[in-house]
Amino acid sequence: MSRIPRPFTAALSTLALTAAGLTLATGTAHAQTCSQGYLPLPDPSCQPGAYNSDVTQSTIDTTICVSGWTATVRPSSSYTTALKKTQIIEYGYTDTSTSDYEEDHFVPLELGGSPKSALNLWPEPQYGTKTAANKDTVENKLKKAVCAGTITLSQARTHIVSDWTTALSDLGLS
């Protein structure tokens with residue numbers, strides 16, 4: 001009985017797993033559970049956003065509007081890097097270099113997003129026309145408007161989650 005060469009068998013297995021929506025990583029198969037179809041936003045079924053219960057409209061003057069406050073709640077890079085590696089697989093990104101993604105808070109810490117919830121953290125690509133750097137600018141302008149009383153915390157959160165790329169113009173802040 002003839003044997004099929006291992007490289008050929010491995011290639012066929014990988015092809016079958018890919019066709020089934022699975023990816024092979026570190027010797028185990030993982031389901032691609034999150035869609036890239038929402039970019040530059042995360043897949044809402046994977047990362048709908050989550051809030052820090054300590055941040056409300058009535059606490060903004062002692063939380064997000066205090067310079068340096070986000071540093072007090074920001075998770076460690078060891079935590080976010082481990083989560084980023086897992087989520088890169090979940091999103092099925094072909095580029096698996098962690099340096100090409102920012103493990104981004106969908107609802108930013110500047111607007112009282114949950115610091116460590118996997119529902120609020122996702123691997124946002126650093127490439128493309130609407131990147132993590134672009135979102136950072138929007139986050140900072142929204143925080144400034146919230147702290148100035150121009151908009152409410154709820155308005156800022158709602159607009160960043162619905163579509164951060166249009167949040168400023170939708171709120172008349174661009």
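For Thr86, the side chain to side chain contact (heavy atoms under 4.5 Å, CB included) partners at least two apart in sequence or on another chain are Glu90. Judged as a side chain to side chain donor-acceptor pair (under 3.5 Å), and not counting sequence neighbours, Ser53 has no contacts. By the side chain to side chain donor-acceptor pair (under 3.5 Å) test, Ser99 pairs with Ser97, sequence neighbours left out. The side chain to side chain donor-acceptor pair (under 3.5 Å) check on Thr62 picks up nothing, with sequence neighbours excluded. Taking Asp54 as the reference, nothing meets the side chain to side chain donor-acceptor pair (under 3.5 Å) condition, with sequence neighbours excluded. Scanning for side chain to side chain contact (heavy atoms under 4.5 Å, CB included) contacts around Lys84 gives Ile88, Thr98, Tyr101, Glu103, Pro123, with sequence neighbours left out. The side chain to side chain contact (heavy atoms under 4.5 Å, CB included) search around Ala118 returns Leu83, Gln87, not counting sequence neighbours. For Ser76, the side chain to side chain contact (heavy atoms under 4.5 Å, CB included) test picks out Ser78, Tyr79, with sequence neighbours left out.
Residues in residues 128-137 take part in these salt bridge (charged side-chain N to carboxylate O under 4.0 Å, His left out) pairs, two or more places apart or across chains: Asp104-Lys135, Lys135-Glu139. The disulfide (SG to SG under 2.5 Å) pairs that include a residue from residues 81-121 number zero, where partners must be two or more places apart or lie in different chains. Residue pairs satisfying the disulfide (SG to SG under 2.5 Å) criterion with at least one member in residues 112-143, sequence neighbours excluded, are absent.
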Under 3.5 Å donor-acceptor pairs involving side-chain atoms of residues 142-151, not counting sequence neighbours:
| unit_1 | atom_1 | unit_2 | atom_2 | d |
| --- | --- | --- | --- | --- |
| Lys143 | NZ | Ile64 | O | 3.3 |

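In this model, a donor atom of one side chain and an acceptor atom of the other lie less than 3.5 Å apart for Thr131 and Asn134.
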